[in-house]
Amino acid sequence: MFFNTYALVEEALVKATGEENVLIVDGGDHADLASTVAFSLAKKRKMNPASVASEVASEISGVLEKEGITVEVKGPYLNFIFGEEYLKGVIGEALKEGYGSFPAKTGRTCIEHTSANPNGPLHVGHIRNSVIGDTLSRVLRKAGCSLEVEYYVNDMGRQIAIVSWGFDNIDLSQNEGEKDDHYVARVYVAANRAIEADESIKAEIDRRMSLIESGDPEMVRKFREAVSMCVGGIKETLLDLNVRHNRFIFESDFVKSGLMYNVLHRLEAMPEAKQDETLSLDLTAFGFEKEYVLRRSDGTSVYAARDLAYHEWKSDNFDRIINVLGADHKLIGRQLQATMQLLGDKPPEIVFFEFVSLPEGSMSTRAGKFISTDDLMEEVFKKALDEVEERRPELPSDEKESIARSVATGAIRFDIVRVSPDKATVFDWKEALDFEKQSAPYIQYAHARACSILAKAGEFNESYSAESEYEVALVKHIALFPKIIDDVSRELRPHVLAIYARELADLFNTFYRFDPVLKVEGDLRNSRLTLVKAAQNTLKEALETLGIDAVRSM
RNA sequence: GGGCCUGUGGCUUAGCCUGGAUAUAGCGCCGGGCUUCUAACCCGGAUGUCGGGGGUUCGAAUCCCUCCAGGCCCGCCA
């Protein structure tokens, strides 16, 4: 509905002004849409902006009034206010299952996210990647994309060589009840300490790197064992976060299949290639001072080489390729994009996010300095359960736990996704455990409240209308949901959806406060119940697109 | 030293790409609201040189230049 109405306004303005860009902006408090085209037109026509605005308004108001759009002139501003037809149309759309979904688009999209090294559990920095990636995945699906979500497992890197060395040389047993990925991290930390104490171990690590590259069966087995232990633990954590991947892709497959050698051969023949002891690319033409090294002097490949093969495979199999990466990968990510261009492949779109650090400094798996997502989840769950116990003591305990689980997952996801990715953040327990206003539980609560009203109401006849200022404001915000999905799917900025959902909950709560639903009678009761249903459905769709459970009771 | 990102009330944060009408919210603070559809809520109030300076423009938080501060990167790690 919003798109159609926007198009009507735009069309009328273009026709009346002859301008290609009619400068439509958000109307703020004044209107649903506004145009500042009168400013630029005034200059061309050598008139004052206010009179231009009046002229344009008188020219288009006739056409738009017929569509129920009121045109108002406030000085140089042209304001457009959407009327009853619009509100009715929005309510009708918002009642439908899957509101905000777009028809299937052609082409296939691939998104890669998380892809943390399997040398320890996911910590609170990694899951910024997971939450951004998973939220975008949900948005893209809703926007009609045929999507595959991938986790790229680095199963032959130096870190894994270190872990495998640790398992062979350090006597460290798994604790009672310890998750496999946490155990792997302890071994990894201990192995790194051993290396720091005795430099000669590095030669042994290099030997393992060489053996894994040549496919030595024993080394393959050792690496695989360590990697699968860790990945198993990571998968459990992802499940707790409502994060779903379609495929785990192992980088060693690109070495085994020969795809990596194929890519390296072609690159060797390019003028940008520099081959002495190592193989590297000169990307100065793309503005990179730093050479892009692909092969070590001992003949083994570096991560970048395997990554190029993976991305060439993606380029062959998908029409749109998206990666979610930490800001520390900016340089290497852009070098990868440039190299894909050299190869004539589709470079990926990359969503970068800035770092999450601890108050005492940055996190490091190697140093054992991190807060694991599992620990975070446990703390948040405990707090959520306390809250449920206090509010709903009458519920059976499995129901309380289920609500607390949904609240905990939602709180964590929302806390991460609400902030713009290019803002560095410091992890804060107080904020993570805050379930008020700017949080998932706040939005979940608004949804549950709507469900409760609908449950008490029983059967009613749908009636489409919005009269009070609170009803109108709510409907107008509901109207924007499809536009938000469309915007986020194109611009890949998931925090926009988080903010939208919070604002929707705000507007619903305000409506709830001022406009009684069950206590009024007749058509007003029906129309308000219909609006509650539309709001509930939109809240549900928004929450689910954020990967947050839309619980019906809490 | 070079590159990228960030700087918005005491704290956290939206808006910046695509300039427009009194700069968005939350926490905290002050005051009010549960015999009333779920108070994980609502209403009202105080709090801002939008990091500093310069420029472009009818108009700058938004664009350009410059300086300052913080984060990240500049490895034959990933």
Side-chain angles (χ1 to χ4, degrees), chain A residues 21 23 25-31 34-36 38-40 42-43 48-49 74-77 79 115-117 119 154 157-159 162 206 251 277-280 287-291 293-298 300-304 306-307 326-332 334 352-355 357 362 366 384 387-388 390-392 407 411 418-426 428 430-431 434-446 448-457 491 493 495-496 499 502-503 505-506 509-510 512-520 528-529 532 553-554:
Chain A
N21 183 357
L23 306 169
V25 296
D26 184 79
D29 298 336
H30 312 273
S35 168
T36 57
F39 286 105
S40 56
K43 196 170 280 178
N48 75 67
K74 281 256 168 65
Y77 296 96
N79 290 332
S115 301
N117 284 335
N119 57 356
N154 167 14
R158 185 160 222 101
Q159 285 88 340
I162 293 171
D206 288 340
E251 66 167 339
E277 299 219 307
T278 66
L279 170 66
S280 63
F288 298 107
E289 283 176 34
K290 223 54 201 172
E291 276 172 12
V293 177
L294 303 176
R295 194 160 58 210
R296 301 185 181 95
S297 52
D298 68 0
T300 59
S301 61
V302 300
Y303 170 86
R306 277 111 58 185
D307 209 21
D328 54 337
H329 287 65
K330 270 188 183 177
L331 177 60
I332 199 120
R334 284 172 180 150
F352 290 107
F353 62 91
E354 293 291 328
F355 258 47
S357 56
S362 50
R366 190 178 50 196
E387 297 280 336
V388 181
E390 194 175 313
R391 290 159 207 278
R392 306 294 300 278
V407 165
R418 54 178 248 263
V419 182
S420 159
D422 41 33
K423 217 122 180 171
T425 62
V426 176
D428 181 345
K430 190 172 156 276
E431 265 170 46
D434 180 9
F435 299 157
E436 286 176 0
K437 200 87 175 186
Q438 295 199 345
S439 73
Y442 171 78
I443 305 164
Q444 289 172 306
Y445 188 74
R449 189 179 248 175
C451 287
S452 166
I453 293 171
L454 292 169
K456 286 205 171 110
E491 294 166 17
R493 296 179 341 135
H495 70 288
V496 169
I499 290 160
R502 198 212 69 219
E503 287 170 345
D506 278 345
N509 280 331
T510 305
Y512 168 88
R513 159 70 177 78
F514 289 103
D515 293 337
V517 179
L518 299 176
K519 279 175 263 175
V520 294
R528 285 194 177 155
L529 276 168
V532 170
S553 160
M554 63 188 280

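Numbers restart at 1 for each chain; the letters A, B, ... are given by sequence-line order, proteins then strands.
A/Arg306 and A/Ser301 form a side-chain donor-acceptor contact under 3.5 Å, judged by distance and modelled atom types alone. A side-chain donor from one of A/Arg392 and A/Ser553 sits under 3.5 Å from a side-chain acceptor of the other.
For the C1' atoms, the distance from B/C42 to B/C37 is 14 Å, rounded to whole Å. Using C1' as the reference atom, B/A14 and B/G59 are 22 Å apart when rounded to the nearest Å. Distance check on atom P: B/G75 versus B/C11 gives 36 Å, rounded to whole Å. Rounded to a whole angstrom, the distance from the P atom of B/G3 to that of B/C65 is 12 Å. Only the P atoms considered, B/A21 is 9 Å distant from B/A61, to the nearest whole Å. Atom name P, nucleotides B/G45 and B/U8: the rounded distance is 25 Å, in whole Å. Spacing of P atoms, B/C50 relative to B/U22, comes out at 15 Å, to the nearest Å. When the C1' atom is used for both B/C67 and B/C29, the distance is 36 Å, rounded to whole Å.
For A/Arg296, the salt bridge (Lys or Arg N to Asp or Glu O under 4.0 Å) criterion is met by no residue, not counting sequence neighbours. For A/Phe514, the ring pair (Phe, Tyr, Trp, His ring centres under 6.0 Å) partners two or more places apart in sequence, or in a different chain, are A/Tyr470. Qualifying ring pair (Phe, Tyr, Trp, His ring centres under 6.0 Å) partners for A/Tyr442, counting only residues two or more places apart in sequence or in other chains: none. Residues passing the salt bridge (Lys or Arg N to Asp or Glu O under 4.0 Å) test with A/Arg366, sequence neighbours excluded: none. Listed by chain and residue number, A/Glu277, A/Thr278 satisfy the side-chain contact (heavy atoms from CB on, under 4.5 Å) test with A/Ser297 (two or more places apart in sequence, or in another chain). The ring pair (Phe, Tyr, Trp, His ring centres under 6.0 Å) check on A/Tyr77 picks up A/Phe39, with sequence neighbours excluded. Scanning for side chain to side chain donor-acceptor pair (under 3.5 Å) contacts around A/Thr36 gives an empty result, with sequence neighbours left out.
RNA chain B is contacted by both A/Leu518 and A/Glu387; A/Leu518 maps to the nucleotide lying nearer its 5′ end (nearest heavy atom per residue).
With rounding to whole Å, A/Tyr442 atom OH is found 17 Å from B/U12 atom C1'. The separation between A/Ile443 atom CD1 and B/C41 atom C1' is 14 Å, rounded to whole Å. The nearest whole Å value for the distance from the CZ atom in A/Phe514 to the C1' atom in B/C37 is 15 Å. If you take CZ of A/Arg502 and C1' of B/U24, they are 8 Å apart, rounded to a whole angstrom. Between A/Phe353 atom CZ and B/U6 atom C1' there is a gap of 16 Å when expressed in whole angstrom units. The distance from atom CZ of A/Arg513 to atom P of B/C34 is 10 Å, rounded to the nearest whole Å. Here the C1' atom of nucleotide B/U6 and the CZ atom of A/Phe352 are 16 Å apart, to the nearest Å. Between the NZ atom of A/Lys437 and the P atom of B/C41 there is a distance of 8 Å, rounded to whole Å.
Nucleic acid contact class of A/Ser553 (heavy atoms, under 4.0 Å, all strands): base. In this structure, A/Lys430 reaches the sugar-phosphate backbone alone: every heavy-atom distance under 4.0 Å involves primed, P, OP1 or OP2 atoms, never a base. The residue A/Phe288 sits apart from the nucleic acid: no heavy atom pair falls under 4.0 Å. Among the atoms of the strands shown, none is found under 4.0 Å from any heavy atom of A/Ala42. Among the protein residues, A/Val532 comes within range of no part of the nucleic acid, since none of its heavy atoms lies under 4.0 Å from any strand. Base contact: A/Val388 has a heavy atom under 4.0 Å from a base atom.
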5' to 3', nucleotides 72-78 of chain B under a 4.0 Å protein heavy-atom cut-off (B base, S sugar-phosphate only, - none) gives SSSSBSB

Expected string for nucleotides 13-23 of chain B under the B/S/- scheme (protein heavy atoms, under 4.0 Å, primed atoms plus P, OP1, OP2 as sugar-phosphate) is SSS--B-BBB-

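A/Asp506 and A/Arg502 are joined by a salt bridge, as a carboxylate oxygen and a charged side-chain nitrogen come within less than 4.0 angstrom of each other.
Of all nucleotides present, only B/C74 satisfies the Watson-Crick or G-U wobble test against B/G1, with each distance under 3.5 Å. Nucleotide B/C29 forms a pair with B/G45, judged by Watson-Crick or G-U wobble geometry with both contacts under 3.5 Å.
A close approach under 4.0 Å does occur between a side-chain nitrogen or oxygen of A/Lys43 and OP1 or OP2 of B/C58. The phosphate of B/A39 has OP1 or OP2 within less than 4.0 Å of a side-chain N or O from A/Tyr512.
Figure legend: A/Arg449 and A/Tyr512 shown as a cation-pi pair, the cationic atom lying under 6.0 angstrom from the six-membered ring centre and within 45 degrees of its axis.
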